[in-house]
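Per chain, numbering begins at 1; letters A, B, ... match sequence-line order. Values below: every heavy atom of this structure, side chains too, minus hydrogens, waters and symmetry copies.
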2 protein chains.
Amino acid sequence: MKTSTPSSSIEDYVKVIYSFTEWQDKPITSTRLAQRLGVANSSVSEMVRKLKDQGLVDHKPYSAITLTGDGVRLAVSMVRRHRLIETFLVQELGYRWDEVHDEAELLEHAVSDTFIERMAAKLGNPLRDPHGDPIPAADGSVQVPAAHRMNELDAGHTGRITRISDENPELLRYLAAEEIDLDAEVEVLGRRPFGGPLVVRIGSGGTPREFDLAEEVASALWVHSEDAHAGCSVTGP
Amino acid sequence: MKTSTPSSSIEDYVKVIYSFTEWQDKPITSTRLAQRLGVANSSVSEMVRKLKDQGLVDHKPYSAITLTGDGVRLAVSMVRRHRLIETFLVQELGYRWDEVHDEAELLEHAVSDTFIERMAAKLGNPLRDPHGDPIPAADGSVQVPAAHRMNELDAGHTGRITRISDENPELLRYLAAEEIDLDAEVEVLGRRPFGGPLVVRIGSGGTPREFDLAEEVASALWVHSEDAHAGCSVTGP
DNA sequence: CTTATTGTTTCGGTATGCCTAAAAATTATC
DNA sequence: GATAATTTTTAGGCATACCGAAACAATAAG
């Protein structure tokens, strides 16, 4: 059991492993991890061995990689850092949605816990970041909103956008330009023939407007159905 | 001529070389540089060779180290970063004087130019940091206040504290506890016999109070004499 | 069931930046 | 001006984290 401060590489590996299973539960493989991190497969093999030595992941050769309890704790603290920094950049320094990610990526490894907690206090301990992703609390508990991807909803469903996936910056810019924002009310109207685009009505602020959303766009928008049981699952520390 | 982004080590070396000559003009030697950076002499020799290769310093073996034009430019931009971050931490996140240095030390290497400039704008492009050190402008020009160390002043001199050296955190805490702040009016009354402590009257806010200041304290306080020619030298870009 | 194909790991090698110990140059002392 | 003391540089090593190429498993295809 190593107690040394993890390097920023280790923090990145653990965060990516965690993030991969956050909105779906396939465990991550070496190759995917390498893709996400932008490194060679061989680098991942090496690093995973190190993570295992430090008790952060479980891994048998040639099979998937999963986090241990310590691994999850470290990952959650990195996610908290990342999302608080993003929120701060948007709310206090006027960054746009699509600008925050890279800056947060660098800052999350550099700042102290003191910095994070003062920032959180200044922001009023927010529970969601600018994309609607849940911000884990300082004790490690996470409020996961009970939401579904918009492209998986049937016609007639109504609800609010509770999360916008930040994986594709270009998509974020499109949504910003169309003024499709977090918490907008949505109604799924149906689908164009032959599995075509999803037709939805979105009322963000003013009068509702209709959109034909490509699959990629619809799957990036997560909707909290108000008619469904309105709950939040909480993962304890 | 290398155009690659300097590593954070290189940024540190250049910043320390610059800082050493900021309030005095002895050029820095390998040993001193090693002391300031907390590394072995041999590490300095190696690194200085690299800095020379990149055109950031001039150095002949066994003699002092000086910055080139490029070196000064890089150093000034690092000093700008450092001091803006310190100011931000104090004004926006409620850090105390003696807490900011280490945090700024880490952040200055991590954040983007965008971050720095947004922060500067939010702070109203300040010209001094919380200790009174001048913050270089984005174009590299520096406003150096015409001040002297308090221990070098003769009895009868009056003025304001324009800078408090931040080299000794314990000293900063002492000054904070005694409420000796930046911009306080001071009058040098004299010296205790046999080169004893300096006796000064300091009026920060309320009624002036008298202090016996040890040499180390007095030399950390820089005074801008109001009776002397009140000017600021500006170093261009 | 045997051979491709794909995925994963191991094996040298590279770059950074630090170290200690030994060698070389400079400066100080006699 | 020769020797002693100090400063500085060189030489050989260590840790991190990456790479490409080759070896090795596991799965898919015939």
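- With sequence neighbours left out, the side chain to side chain contact (heavy atoms under 4.5 Å, CB included) criterion links A:Ser42 to A:Ala40.
- Side-chain nitrogen and oxygen atoms of B:His59 include none within less than 4.0 Å of the OP1 or OP2 phosphate oxygen of D:dT8.
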All N/O donor-acceptor pairs, side-chain side in residues 144-152 of chain A, below 3.5 Å, sequence neighbours left out:
| from | atom 1 | to | atom 2 | distance (Å) |
| --- | --- | --- | --- | --- |
| A:Arg149 | NE | A:Ser219 | O | 3.0 |
| A:Asn151 | ND2 | A:Glu215 | OE2 | 3.1 |

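- Sorted by residue number, the list of members of residues 8-15 of chain B with any non-hydrogen atom under 4.0 Å from DNA chain D is empty.
- Scored by the side chain to side chain contact (heavy atoms under 4.5 Å, CB included) test, B:Val100 finds B:Glu86, B:Leu89, B:Val90, B:Tyr95, B:His131 as partners (sequence neighbours excluded).
- A salt bridge links B:Asp212 with B:Arg192: at least one charged nitrogen is closer than 4.0 Å to a carboxylate oxygen.
- Between the side chain of A:Thr29 and the backbone N or O of A:Ala64 there is no donor-acceptor pair closer than 3.5 Å.
- For the side chain to side chain contact (heavy atoms under 4.5 Å, CB included) test, no residue two or more places apart in sequence or in another chain qualifies with B:Leu127.
- Among the atoms of the strands shown, only primed sugar atoms or phosphate atoms (P, OP1, OP2) are found under 4.0 Å from some heavy atom of A:Ser7.
- Rounded to whole Å, the distance from NZ on B:Lys50 to P on C:dG17 is 5 Å.
- Put simply, CD on B:Glu46 is 10 Å from P on D:dT10, counting in whole angstrom units.
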Test side chain to side chain contact (heavy atoms under 4.5 Å, CB included) on A:Val223 and A:Thr162 and set out the steps. CA-CA 6 Å; A:Val223 177; A:Thr162 51; over 6 Å; no
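- Applying the salt bridge (Lys or Arg N to Asp or Glu O under 4.0 Å) definition to pairs two or more places apart or across chains, none involves residues 32-48 of chain B.
- Stem analysis of DNA chain C (Watson-Crick or G-U pairs, both distances under 3.5 Å, runs of at least three) returns C:1-30 with D:1-30.
- Ion pairing of A:Arg163 with A:Asp133 is present here, as a side-chain N (NZ or NE/NH1/NH2) and a carboxylate O approach within less than 4.0 Å.
- Sorted by first and then second residue, the salt bridge (Lys or Arg N to Asp or Glu O under 4.0 Å) pairs with a member in residues 97-117 of chain B read A:Arg118-B:Glu99, B:Lys15-B:Glu105, B:Lys15-B:Glu108, B:Arg80-B:Glu117, B:Arg81-B:Asp113, B:Arg96-B:Asp98, B:Arg96-B:Glu99, B:Asp98-B:Arg173; sequence neighbours excluded.
- Distance, B:His109 NE2 to C:dT16 P: 18 Å, rounded to whole Å.
- Applying the ring pair (Phe, Tyr, Trp, His ring centres under 6.0 Å) test to residues at least two apart or on different chains, none of the pairs has a partner in residues 108-130 of chain A.
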Could you go over nucleotides 23-26 of chain D and give all protein N or O partners under 3.5 Å, atom names and distances?
| from | atom 1 | to | atom 2 | distance (Å) |
| --- | --- | --- | --- | --- |
| D:dC24 | O2 | A:Tyr62 | OH | 3.4 |
| D:dA25 | O4' | A:Tyr62 | OH | 3.4 |

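- Partners of B:Glu22 under the side chain to side chain contact (heavy atoms under 4.5 Å, CB included) rule, at least two apart in sequence or in another chain, are B:Tyr18, B:Arg83, B:Pro134.
- Rounded to whole Å, atom C1' of C:dG17 lies 13 Å from atom CD of B:Gln54.
- For B:Met47 and D:dT9, the CE to P distance is 15 Å, given to the nearest whole Å.
- Taking CG of A:Asp12 as the reference point, atom OG of A:Ser7 lies at 8.5 Å (rounded to 0.5 Å).
- Of the residues in residues 25-41 of chain B, those placing a heavy atom less than 4.0 Å from an atom of DNA chain D are B:Thr29, B:Ser30, B:Thr31, B:Asn41, in numerical order.
- Close to D:dC18, at under 4.0 Å from its OP1 or OP2, lies no side-chain N or O of A:Ser43.
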